[in-house]
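What follows is a short report on a single structure.
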Amino acid sequence: MPKDYEEVGLERERRTFGGFFRRHRIAVTLVVIVTIAIVVLTTAFAVHYARKGDNPSPTPGIPSLPGQVKTENIVGHLTQLNNIAIENNGTRASGTSGYLASVNYVYDTLKANTNYEVWVQNFTYPVTTLIEKPVLYLVAPKAQNFTYKTDFEVMGAPPGPLDISGLMQRIPVLGCYDDDWTDFEAGNIALVVRGECPFQQKADLANKYNASAAIMYNDGASGDRIGLIGASVVTTKAPIFFASFLTGLNLNSQVDPVTVFVSTWNQGGLVTTFNVIADTARGNPDSVIVVGSHLDSVPAGPGINDNGSGSSLNLELAIQLYKSGLINSIESHIRFCWWGGEELGLLGSAHYVADLVANYPEEKAKIVLNLNFDMVGSPNFFRGIYNGTSGPSDIVNGSAAIQYLFEDSFNARNLKWELTSFDGRSDYGPFINNGIPAGGLATGAEGIKTIQQRTFYGGLANAWYDPCYHQACDNIDNINQGVLGDMAFAAAEVLQTLSLKANVTDFFNDH
């Protein structure tokens with residue numbers, strides 16, 4: 001039973017949230033159907049109206065999952081998660097009592113309402129606990145000391161005291177790929193600007209290419225990307241610092257050769273956290289659909305939109321699939337997953353996939369797709385569909401087919417939508433990086449709503465999609481129940497459509 005895991009004695013880590021941030025790429029084609037298709041180019045996004053639908057009309061004798069997934073039930077789960085945060089110091093972050101209580105809520109609710117095989121997968125991750133104040137010091141060409149918690153912070157560091165002095169080397173482009181690091185001199189201190197890929201990806205490359213340390217810095221792309229962010233990474237060799245935009249510009253503007261000194265003393269330690277996994281008793285075990293959402297919040301708040309909304313939707317999908325009787329008609333086996341450690345860098349989903357790849361490759365080969373729901377109730381929302389057509393070549397057919405199903409669902413209800421980036425920055429990332437097609441929905445995080453988006457969706461232009469993103473105010477009052485219902489209907493419809501396909505792979509290839 002999951003409550004037994006309380007005996008692990010979870011250590012509450014210091015503020016280490018947000019291994020990545022979500023950004024949304026908006027398409028550029030507006031398709032309006034009058035009597036013929038007229039293509040109108042705009043600078044904002046694509047709203048599509050008429051394409052041939054793949055989502056079938058209700059089949060006689062087969063229950064309708066969208067009709068059973070009720071917004072009020074999802075809000076009920078959200079209320080429970082909100083109460084859990086209130087009772088646990090305002091947070092449900094991995095490694096805290098609030099997260100453990102969230103795990104127990106999902107586990108107990110599934111056991112009480114379904115006949116699924118429900119289990120808890122545990123994994124560990126290192127935490128940074130600093131014993132002394134870290135140092136970032138510009139030695140040459142002109143000495144300058146930077147202030148901890150104002151100019152810089154530590155994202156992660158190996159255990160033990162470290163005093164490192166070395167030449168600073170700027171990483172070209174954004175430091176997301178091996179090609180960006182091919183000219184890097186081992187032992188240098190890397191300077192890397194924020195952007196394009198998760199912080200963890202940059203940290204992994206810094207370790208791979210033997211940087212003695214790395215300094216990432218904010219990119220100044222918008223008003224919320226100037227200062228420090230409290231993000232964390234896992235690092236095995238190099239301490240990873242994060243600097244403000246102004247500090248980064250200062251370092252970047254220095255005339256070579258630039259010498260930098262950094263110092264950290266990390267006590268280290270490991271924290272155990274959990275994924276919750278529930279398997280249906282029906283469906284072809286050689287054709288597995290994984291439906292996932294991350295259950296953890298950031299330490300700063302309850303995480304009710306991010307991502308209580310996706311987790312609660314996922315939970316209600318699982319319950320109603322069983323209660324509606326649709327479970328008796330599904331062709332594919334369905335595995336519902338609630339990931340831990342997402343806010344620390346997709347740790348739970350990455351652990352799950354890596355474990356399959358390393359130890360159970362035959363089980364990994366049975367997974368035909370992943371659906372991911374992350375932030376589906378944003379107050380100042382847009383209706384976002386992951387842009388599967390931009391996915392890697394080995395999974396683009398399947399990911400595009402999933403995208404089209406979501407498009408059809410919104411089109412059938414005359415709801416406007418747009419494509420959002422499909423760059424691996426949520427828990428579908430480990431799946432698409434290992435050859436598994438994916439798709440999903442999102443309603444926006446810290447991105448800025450445009451005037452054109454306001455025209456289509458209402459709300460406030462020049463404001464965040466979620467004004468409480470990664471903050472204490474991300475509570476039960478931070479949910480737009482209207483868009484939550486829209487996304488729930490689409491999620492249920494697409495899951496039903498895919499679960500009734502006798503051969504999902506053939507369906508993908510046909511699209």
Rounded distance (nearest 0.5 Å) linking atom OH of Y457 with atom CG of N480: 13.0 Å
Between E343 and H470, is there a side-chain donor-acceptor contact under 3.5 Å, judged purely by atom types and distance? yes
Closest approach of Q453 and I448, non-hydrogen atoms and distance? OE1-O, 3.9 Å
Are Y322 and N115 close enough that some pair of their side-chain heavy atoms sits under 4.5 Å apart? yes
Would R92 and T96 count as having a side-chain donor-acceptor pair, cut-off 3.5 Å? no
Has K449 got its NZ or CZ under 6.0 Å from the middle of the six-membered ring of F381, at an angle within 45 degrees of the ring axis? yes
Non-hydrogen side-chain atoms of F123 and T272 separated by less than 4.5 Å: no
Taking E342 for the side chain and D427 for the main chain, is one N or O donor matched with an acceptor at less than 3.5 Å? no
Examine distances only and state if a side-chain atom of S390 and a backbone atom of N387 form a donor-acceptor pair shorter than 3.5 Å. yes
Kindly give the heavy-atom pair with the smallest separation between A488 and V69, and that separation in Å. CB-CG1, 4.1 Å
Going from OH on Y105 to NE2 on H77, what distance comes out if it is rounded to the nearest 0.5 angstrom? 5.0 Å
Passing option when N305 is tested against N478, D374, V376 for side-chain contact (heavy atoms from CB on, under 4.5 Å): N478
Look at the side chain of S409 and the backbone N and O of E493, then say whether any donor-acceptor pair between them is shorter than 3.5 Å. no
With distance as the sole test, does N380 use its side chain to make a donor-acceptor pair with the main-chain N or O of L460 at under 3.5 Å? yes
Let me see the working for Q320 and L326 under side chain to side chain contact (heavy atoms under 4.5 Å, CB included), right down to the final yes or no. CA-CA 8 Å; Q320 296 306 326; L326 179 62; over 6 Å; no
May I ask you to test the L346-W339 pair for a side-chain heavy-atom distance under 4.5 Å? no
If only atom types and distance count, is the side chain of K364 paired as donor or acceptor with the main-chain N or O of A358 below 3.5 Å? no
Is the gap between the ring centers of F422 and Y428 under 6.0 Å? yes
Are M487 and F489 packed together at the side-chain level, in the sense that at least one heavy-atom pair is separated by less than 4.5 angstrom? no
Please answer whether the main-chain N or O of F382 pairs with a side-chain N or O of K416 as donor and acceptor at a distance below 3.5 Å. no
How about F336 and T114: do any of their side-chain heavy atoms sit closer than 4.5 Å? no
Tell me yes or no: between the side chains of N88 and S97, is some donor less than 3.5 Å from an acceptor? yes
How close do V504 and L498 get, counting heavy atoms only, and between which atoms? CG2-O, 3.8 Å
For Q496, is there any backbone N or O sitting under 3.5 Å from a side-chain donor or acceptor partner on S499? yes
Taking N82 for the side chain and I476 for the main chain, is one N or O donor matched with an acceptor at less than 3.5 Å? yes
For Y116, which of D279, I277, L321 qualifies under side-chain contact (heavy atoms from CB on, under 4.5 Å)? L321
Does any donor atom in the side chain of Y125 or H351 lie under 3.5 Å from an acceptor atom in the other side chain? no
If you define the side chain from C-beta out and look only at heavy atoms, does anything of L81 sit under 4.5 Å from P302? no
OG1/T497 to CG/L405 distance, rounded to the nearest 0.5 angstrom? 6.0 Å
Please report the shortest heavy-atom distance between T273 and S94, naming the atom on each side. OG1-OG, 3.5 Å
Got M155 and F199 here, is their nearest side-chain heavy-atom distance under 4.5 Å? yes
Applying side chain to side chain contact (heavy atoms under 4.5 Å, CB included) to N475 and I86, what does each step give before you reach the verdict? CA-CA 9 Å; N475 55 34; I86 292 172; over 6 Å; no
So how far is it from I385 CD1 to Y404 OH, rounded to the nearest 0.5 Å? 11.5 Å
Is there a donor-acceptor pair closer than 3.5 Å between any side-chain N or O of S399 and the backbone N or O of A438? yes
List the atom of G310, the atom of S293, and the distance in Å for their closest heavy-atom pair. O-OG, 3.5 Å
Shortest non-hydrogen contact from T71 to G485? OG1-CA, 3.3 Å
Dump the intermediate steps for side chain to side chain contact (heavy atoms under 4.5 Å, CB included) on V290 and C337, then the final yes or no. CA-CA 7 Å; V290 174; C337 299; 3.9 Å; yes
From CZ (F508) to CG (N503), nearest 0.5 Å: 10.0 Å
Indicate whether any N or O donor in one side chain lies under 3.5 Å from an N or O acceptor in the other, for D306 and H294. yes
Flag, side chain of N275 to backbone of G340, donor-acceptor distance under 3.5 Å: yes
Rounding to 0.5 Å, atoms CZ (R413) and CG (D408) come to a distance of 11.5 Å
Within the 4.5 Å heavy-atom criterion, are L110 and W338 side-chain neighbours or not? yes
Is there a side chain to side chain contact (heavy atoms under 4.5 Å, CB included) between T443 and D486? Walk through the geometry before answering. CA-CA 11 Å; T443 56; D486 294 340; over 6 Å; no
